[in-house]
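Here is the naming used below: chain letters follow the sequence lines, and residue numbers restart at 1 for every chain. Since we're looking at a predicted model, the values are computed, not measured. Computed over heavy atoms, backbone and side chain alike; hydrogens, waters and symmetry mates excluded.
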Number of protein chains: 2
Amino acid sequence: MPKHNADNVPTLEDVARRANVSTATVSRCLNKPDSVREGTRLRVEQAISDLGYTPNFGARALASNRTGTIGIIIPTMDNAIFAQGIQAMEEALSEQNITLLVATSGYSPEREMLKIRALVSRGVDSLALIGFDRPDTAYKFLSSRSVPFVILWNYSASSPYPCIGFDNHRAAGMIAQRVMDFGHRDIAMIAGRRAGNDRATQRVKGVENALSGQGLTLMAGGPIESGYSLDEGEAACMKLMSGPKRPTAIICGNDVLAAGVMRGVRQMGLEVPEDISIVGFDDIDLASALNPALTTVRTPHRLMGQAAAKMLLSLSELDKADTRLCFDTKLVNRGSLASVKT
Amino acid sequence: MPKHNADNVPTLEDVARRANVSTATVSRCLNKPDSVREGTRLRVEQAISDLGYTPNFGARALASNRTGTIGIIIPTMDNAIFAQGIQAMEEALSEQNITLLVATSGYSPEREMLKIRALVSRGVDSLALIGFDRPDTAYKFLSSRSVPFVILWNYSASSPYPCIGFDNHRAAGMIAQRVMDFGHRDIAMIAGRRAGNDRATQRVKGVENALSGQGLTLMAGGPIESGYSLDEGEAACMKLMSGPKRPTAIICGNDVLAAGVMRGVRQMGLEVPEDISIVGFDDIDLASALNPALTTVRTPHRLMGQAAAKMLLSLSELDKADTRLCFDTKLVNRGSLASVKT
DNA sequence: ATTTATAATGCAAGCGCTTACATTGATTGT
DNA sequence: ACAATCAATGTAAGCGCTTGCATTATAAAT
């Protein structure tokens, strides 16, 4: 197997020789600079920059059993939902010189398990996962390896695991209530796939629960499930609207779906919100760019990312008792929801 | 320094002992399974799964000087532009069991350099970078470390480096031409920041060049530069539209900017495309969700990602001569560009 | 059977770093 | 001036894996 690396890559030893110290001292300069005298440190730093030395990550990980790496596994990058959270997390972590490794599972539990193994084998010091819903084997593996982790994007007061999120059930209930406040009674829902996705599941339940408070149920007998892309949202919309009775409002499981639905509705020659109201969930940038702008629920992406960074940095030291954070969500009223025509 | 890892993590040696073979054989089972007899292999695999063994990444990297990792540094995740390309790249790579490490630079050359060092020190086998425009020190470092790399999102026939992209200059010219074909003469441009960003620079040049072919120049004396967010796009729009004379068409450096501009224009009570035409660049999903849908240039995100994966996997073996790929772009006609009112 | 070629396995030397422990040098109190 | 203390540095033993080379088992050829 050919190695492409030049064989002149400087090592700790080269630095040590040039600075006339032992490798231990160089190592200390890198890891706890306070413990070495200033004169020595300067000499070492000079040697490092002369040589263009970069520590070998593998060697460091092997020797210290730490990697300065935190992993996160998200369903997909191909959707802005998680991007902001990750961006915020990355910023917070790189201040502490920690690298964030991002992997994607494509909403598949098997692939998620694979990625968990991959990241653990890469020695991530801790891990962030989206949602609670996954096979027990995943939790067992994590525990057998003693890898601290935190669940994001959902919150449960009774969670045995650290989590940072918001109440999907409640937030979905809020927006459903708002829709009903506008006089809608014929309400449909287009949701993400619920299998292995507690957020999607809880949003549906939140909506159904709110409706039943008014003696209503979802049209079409329940939510239409759809993948999270514009096209799939549009397709789901077409399917829904070809049914016997059309809803006056569609609640969407997220904003991307809502954008797809709006496109579909428009293609049928209908106007939003005059002919039909549409609401989303997440309040990604897209929501405000639509025309009409989307009424939706703002979820605390950046806050979750920052909090996750903070928690993961200290997770190994913390007691698990106080590692659950629930953020607020907020209704964002824009133009895509209007009173039902009478 | 406390290690949080359980001390029972199984190692290669544990597997070897349990399967009654040497560590060398276990290693071979993992790396070139064909070279070990089936019976032995089965025994080893059994031991591996009994123990729940996962290879230690650091040790492997250290011993083999390979990591099975490819890095990519993009300006930001907080924008769908690169997401699709990365997603495609990730898919192609994980088929080969290669991990993609994604880092972000925030459009800052210094931060990019930092990330390059970080990724190289993590032992990436090769690297993908966006655009050519960066300090020479970065190229020097990469070459001193013999890390193969490929430039994405841009193409230059005379590039000394492997690259996979498209002709930003030409594509921008095409859409400018189209705008002029619709009778527009008062054309403005809102572009991304050009410093250290060759794509933005070339798009501006492409537009200016096309305009000058008709004896025109950009209004406001040149492009308005703006950060790549909806809000910043909207702000740039406001600035532009408060000038003495309003354009009849605005060419935007990318779709996000265009969406921001559309929002701004609408806020001023103007209609797109009746009062003003807007065109974008990239054809991200967002573009088709806008109302009116955005006329823009489709760039080959997924293709670039796939091609990059393929090239990076073979880069160390290839001759650099045939490692330049130029993809086509395509005008996408939608509703945001219309004939100028006479 | 015996030799010869070949496939399968084992042996053991590192890869570049960290860190417990030993050593040396500087500082303080008496 | 000398012991006691503490800070700074050095010594060297691994961390868990890969891999060149040596060794042994197996197959093929005589």
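- The interatomic distance linking B:Asn56 (CG) with D:dG14 (C1') rounds to 13 Å, in whole Å.
- Nucleotide C:dT18 holds its P atom 13 Å from the CD atom of A:Glu13, rounded to whole Å.
- Here C:dC17 is the nucleotide among D:dG16, C:dC17, D:dT19 with the atom lying nearest to any side-chain atom of A:Arg60.
- Remark: of the listed residues A:Leu152, A:Ile74, A:Ile116, A:Ile116 is the sole one forming a side chain to side chain contact (heavy atoms under 4.5 Å, CB included) with A:Leu129.
- Side-chain N/O atoms of A:Ser22 include one lying less than 4.0 angstrom from OP1 or OP2 on D:dG10.
- Between the B:Ser27 side chain and the B:Thr23 main chain, no donor and acceptor come within less than 3.5 Å of each other.
- Under the ring-ring contact (aromatic ring centres under 6.0 Å, His included) criterion, the residue pairs touching residues 116-140 of chain B are B:Tyr139-B:Phe149, B:Tyr139-B:Tyr161, with sequence neighbours excluded.
- Nearest-nucleotide mapping onto DNA chain D: of B:Ala24 and B:Leu62, the residue sitting toward the 5' end is B:Leu62.
- When heavy atoms are screened at a 4.0 angstrom cut-off, B:Thr25 is found touching the sugar-phosphate backbone but no base atom.
- For the contact set between residues 36-46 of chain B and DNA chain C, defined by any heavy atom under 4.0 Å, the members are B:Val36, B:Arg37, B:Thr40.
- With 3.5 Å as the limit, one finds no donor-acceptor pair spanning the side chains of A:Ser121 and B:Arg60.
- Residue-level contact check: B:Tyr53 touches the backbone only, with heavy atoms under 4.0 Å from sugar-phosphate atoms and none from bases.
- Distance, B:Asn20 CG to C:dT9 P: 12 Å, rounded to whole Å.
- Between B:Asp34 atom CG and C:dA8 atom C1' the separation is 13 Å, expressed in whole Å.
- By the ring-ring contact (aromatic ring centres under 6.0 Å, His included) test, B:Tyr107 pairs with B:Tyr228, sequence neighbours left out.
- One side chain, B:Arg122 or A:Thr99, offers a donor N or O that lies under 3.5 Å from an acceptor on the other.
- Between D:dT18 and B:Asn31, a contact under 4.0 Å exists linking OP1 or OP2 to a side-chain N or O.
- Close to C:dT18, at under 4.0 Å from its OP1 or OP2, lies a side-chain N or O of A:Ser27.
- Test A:Val44, A:Leu30, A:Asp14 against A:Tyr53 for side chain to side chain contact (heavy atoms under 4.5 Å, CB included) and you get one pass: A:Leu30.
- Remark: B:Arg66 is in phosphate contact with D:dT19, judged by side-chain N or O atoms under 4.0 Å from OP1 or OP2.
- At whole-Å resolution of the value, NZ in A:Lys32 and P in D:dT9 are 14 Å apart.
- Atom C1' of nucleotide C:dC17 and atom CG of A:Asn65 are separated by 13 Å, given to the nearest angstrom.
- Separating the CZ atom of B:Phe57 from the P atom of C:dC15 is a distance of 19 Å, rounded to the nearest angstrom.
- In this structure, CG of A:Leu12 is placed 14 Å from C1' of D:dG10, rounded to the nearest angstrom.
- At a threshold of 4.0 angstrom between heavy atoms, the contacts of B:Val26 with the nucleic acid are absent.
- In this model, the phosphate group of C:dG16 is not approached by any side-chain N or O of A:Thr11 to a distance below 4.0 Å at OP1 or OP2.
- Toward the 5' end of DNA chain C, the nearer of the two residues A:Arg28 and A:Ala59, judged by each one's closest nucleotide, is A:Ala59.
- If you take SG on B:Cys29 and CZ on B:Arg37, they are separated by 12.0 Å, rounding to the nearest 0.5 Å.
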